[in-house]
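Only one structure is covered here, and it is reproduced in the block below.
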Amino acid sequence: MCGIVGYIGSKNCVPILIDGLKRLEYRGYDSAGVGILDGGDAKIAKYAGKVAVLEDNIARMKMDSEIGIGHTRWATHGEPNQVNAHPHFNSDETIMIIHNGIIENYSDLKIMLEKEGYNFRSETDTEVLVNLIDKYFKLGNSLFEAVRRALKKVNGAYGIAVIAVNEPDKIIVAKNGSPLVIGVGENENFIASDVTPLIPYTRDVVYLEDGEIAEIKKDSFSVRSISNKILSKTIESVEMDVDEISKGSYPHYMLKEIMEQPESVKNSLRGRIIHEEGLSKLGGLIGFEERIANSKRIIISACGTSWHAGLVGEYMIEQYAGIPVEVEYASEFRYREPILCKDDTVIFISQSGETADTLAAMKEAKRRNALVLGVCNVVGSSIARLSDAGVYIHAGPEIGVASTKAFTSQLTVLALITLMIARRKRMSSVKGREISEALLQIPDRMKEILKLNDEIEKIAEEFVDAKNFLYLGRGFNFPVALEGALKLKEISYIHAEGYPAAEMKHGPIALIDENMPAVFIAPHDAIYDKVLSNIEEVKARKGKVITIANESNGKISELSDFIIKIPKTINMLTPILTVIPLQLLAYHIAVKKGLNVDQPRNLAKSVTVE
Ligand code: M6R
C-alpha cells in the first residue's frame with residue numbers, strides 16, 4: 001500500500017526521497033511523486049508508473065531543497081494516473097500533503113468545501129483533506145494546529161505528512177490506523193511509513209501511535225495527541241542491516257527469500273528450544289503461559305498467507321495440546337459479533353504487523369477482554385505493540401509481495417507455541433523431545449529441498465501456458481494446498497484453487513481433463529493411502545499430476561507425471577517443507593511468463609486499508 005517518506009535537514013532531500021521511495025516499492029503502488037519547498041515556492045513532481053519514471057523526469061527538472069516529502073500511491077479513490085498521484089496541493093498551491101489510508105467521510109467534506117469556494121483537480125480523498133487543512137490555516141492557525149483541527153473532522157484511516165510554504169521549517173505528520181515512523185538523525189530528521197527507507201541514515205526511530213500528531217524540525221521533534229496533550233515518546237533502536245533489504249546477487253527478492261528459509265527458520269528457533277527437556281521457551285510469552293495453557297478455546301485470526309499458517313496452527317494445537325481452536329479471517333471476525341470471554345486466547349498472525357483488518361480484529365478482541373497474542377515479523381509494528389504478549393518470528397525483512405519465508409517462520413513459531421502449551425498439559429517429555437529434535441533438523445531438510453530448484457524450474461517450463469491449477473492436500477497439508485494456490489495466483493495470474501484432496505470428488509472433479517494440472521501434496525503420513533486414491537481419481541480423468549512426496553518409486557511414481565521428492569519429517573512439521581517446492585513452482589512459472597514477481601499487479605505487501 002501507499003508508502004510515505006520525508007526529510008528535513010541540511011542536505012538536498014530529492015535523492016534521499018527517491019532512494020526512500022525505491023526502498024518502499026515492495027509495498028505495492030501504481031504512481032509516485034515528491035514535493036519540496038523551494039524558497040517561497042512549492043514544487044511537485046508526480047507520475048503514473050514506477051519510481052524510475054519519476055526519477056528520470058526529476059533529473060530533467062531543477063529540484064533541490066532541504067525539506068521534502070515523497071509518496072508511492074496504491075490507488076483507492078480514483079484511477080492510478082498523474083492527477084491522482086500524491087503529493088496533493090491545496091487550491092492555491094501553498095500547502096502539500098501525502099497520505100496513506102482512506103478518509104471515509106471525504107464526500108461530505110468535499111461538498112462542504114465546494115460550497116466555500118474550493119475547487120478540486122483530482123478524484124482523491126486526500127485532496128479534500130489538504131483543502132480542509134488550508135481552511136483552518138487561513139483562519140490564522142499554525143500549520144500544526146490547522147492539521148490537528150482538520151483531522152478532528154475526519155473519519156477513517158490515515159498516515160499523513162504535510163508541508164507549507166509559509167512554515168518551511170517543519171513537516172507535520174499524523175497517524176491513525178496507517179503506520180508512521182520518525183527517523184531521528186543528527187541535525188536532520190526523517191519520516192516514513194516503515195523503517196526500510198530510514199536504515200541507510202539512522203537506526204533511531206520513534207513510532208507514532210494512533211491519534212498522535214507530530215511537528216518535525218531539522219533538529220527537534222515534538223508529539224501531541226489529537227486532543228492536544230503533550231506526549232513524551234521513547235526513541236527506539238532498530239536492528240536491521242542494509243544488506244537485509246537488498247536483493248544481493250538474486251534476480252528477485254522472492255527467490256532470495258525462498259532461498260533464505262533455512263536461515264530464517266533457524267532464527268525463528270534460536271534460543272527457543274530446551275531439547276533435553278523437550279520444551280520450548282518463548283520470551284515474549286513469559287508470565288502468560290499458564291493462562292494460555294488453561295484457555296478454554298484458542299482463536300487464530302489473520303489474512304492471506306498468515307491465515308493459512310493459522311490453519312496449520314489449528315491442526316497442531318488441537319492434536320497436541322487438546323484445546324479447541326477456531327481459525328477466522330480477520331476481515332470477518334471484526335464485523336460480526338464474536339462471542340469471546342476472558343478464558344479465550346486470540347492469536348493474531350501478521351508478517352507486516354500492519355494489516356488493517358487484522359489490527360481492527362485485534363482491537364475488537366481486546367475490547368471483549370480476551371487474551372490477545374501477536375505473532376509478527378516486523379519488530380515494533382502496530383500489531384506487535386498492541387498485543388498483550390507475543391512472539392516475533394524473526395524471519396528478517398520480507399520484501400517480495402508474495403509471502404514465503406514469513407510463512408515457514410510462522411509455522412515454526414506455531415509449532416513452538418504448540419510445544420509450550422502441550423508440555424504444560426498432556427504431552428510427555430519423550431514426545432516433546434521428538435518434536436524439538438525434528439524442529440532443529442528442519443533447516444537442513446529445507447536446504448535439501450532448495451537443491452531441487454533446477455528440477456522444479458524444468459517442471460515449471462511445462463506449465464507456463466496452463467490456465468487453471470488445482471492444489472490438493474489433506475490434514476496438515478490441506479492449508480499448504482491453499483497456500484500453493486495463492487502463491488501461483490498472486491504472481492503468475494493463473495487461476496488456482498486449493499482443496500482438501502477428498503473434497504475434490506464433491507465438485508472440483510468436474511474441472512479435471514487433460515488440460516488441468518493437479519498438484520498433490522502427499523508426504524508419507526497416516527492418510528497417504530487415501531491421498532493415493534485421490535490421485536488415481538485425477539489420473540483416471542487424464543489430469544496432469546505433479547506430486548510432492550517422500551518417495552519417487554512404487555505406486556506414486558506410476559500415478560504422477562512429475563514427482564518432487566522431499567525429505568521426511570514428523571507429520572505436524574511437514575507443511576514447513578512441502579510448501580517450498582510450491583513456492584519455487586509458482587516463482588518459476590511467473591518468471592517464465594515474464595511477470596514482475598516481486599511487485600505483482602494490484603497487490604500490496606502491507607494491506608493497510610480495509
Ligand atoms: O502482513 P500480513 O501477514 O498481515 O499480510 C496478510 C496478507 O495480506 C498476506 O499474507 C498476503 O496474502 C500475501 N500477499 C500472501 O503472499
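Since the structure is predicted, the reported quantities are computational estimates derived from the model, not experimental observations. Scope of the values below: all heavy atoms of this structure, side chains included, with no hydrogens, waters or symmetry mates. Order of appearance sets the numbers: ligands from 1, and atoms from 1 within every ligand.
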For [atom], what's the nearest protein heavy atom and its distance?
atom	result
atom 1 (O) of ligand 1	Ser352 OG, 2.7 Å
atom 4 (O) of ligand 1	Thr355 OG1, 2.4 Å
atom 6 (C) of ligand 1	Cys303 O, 3.3 Å
atom 12 (O) of ligand 1	Gly304 CA, 3.3 Å
atom 8 (O) of ligand 1	Val607 CG2, 4.0 Å

Atoms of ligand 1 less than 4.0 Å from [X] heavy atoms?
X	result
Ser306	2 (P), 3 (O), 10 (O)
Ala402	16 (O)
Lys487	15 (C), 16 (O)
Thr305	10 (O), 12 (O), 15 (C), 16 (O)
Glu490	13 (C), 14 (N), 15 (C), 16 (O)

### Message
Is it true that Gln583 and Glu483 share a donor-acceptor pair across their side chains at a distance under 3.5 Å?
### Response
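Checked: Glu483/Gln583 side chains show no N/O donor-acceptor pair below 3.5 Å.
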### Thr196 versus Asp194, side-chain donor and acceptor atoms under 3.5 Å
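There is such a pair between these side chains.
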### Query
Is the shortest N/O to N/O distance between Gln410 and ligand 1 below 3.5 Å?
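The answer is no, given that Gln410 and ligand 1 share no N or O pair closer than 3.5 Å.
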### Query
Is the NZ or CZ atom of Lys544 both under 6.0 Å from the centre of the six-membered ring of Phe562 and within 45° of that ring's axis?
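No cation-pi geometry.
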### Task
May I have the step-by-step check of salt bridge (charged side-chain N to carboxylate O under 4.0 Å, His left out) for Glu260 and Lys405, ending in yes or no?
CA-CA 7 Å; Glu260 273 172 0; Lys405 64 176 181 171; 2.7 Å; yes
### Message
Can you list everything that forms a salt bridge (Lys or Arg N to Asp or Glu O under 4.0 Å) with Glu461? Sequence neighbours excluded, please.
### Response
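For Glu461, the residues satisfying salt bridge (Lys or Arg N to Asp or Glu O under 4.0 Å) (neighbours in sequence not counted) are Lys592.
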### Query
Touching ligand 1 at all, Val401? Heavy atoms, strictly under 4.0 Å?
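Distance cut 4.0 Å: Val401 passes for ligand 1.
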### Query
Would you call the rings of Phe348 and Phe333 parallel, tilted or perpendicular if under 30° counts as parallel and over 60° as perpendicular?
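It falls in the perpendicular class, over 60°.
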### Message
ring pair (Phe, Tyr, Trp, His ring centres under 6.0 Å), that's the test. Do His252 and Tyr587 meet it? Break it down for me.
### Response
CA-CA 10 Å; His252 300 102; Tyr587 170 79; 5.5 Å; yes
### Message
Can you list everything that forms a side chain to side chain contact (heavy atoms under 4.5 Å, CB included) with Phe478? Sequence neighbours excluded, please.
### Response
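Phe478 satisfies side chain to side chain contact (heavy atoms under 4.5 Å, CB included) with Tyr315, Leu482, Pro500 only.
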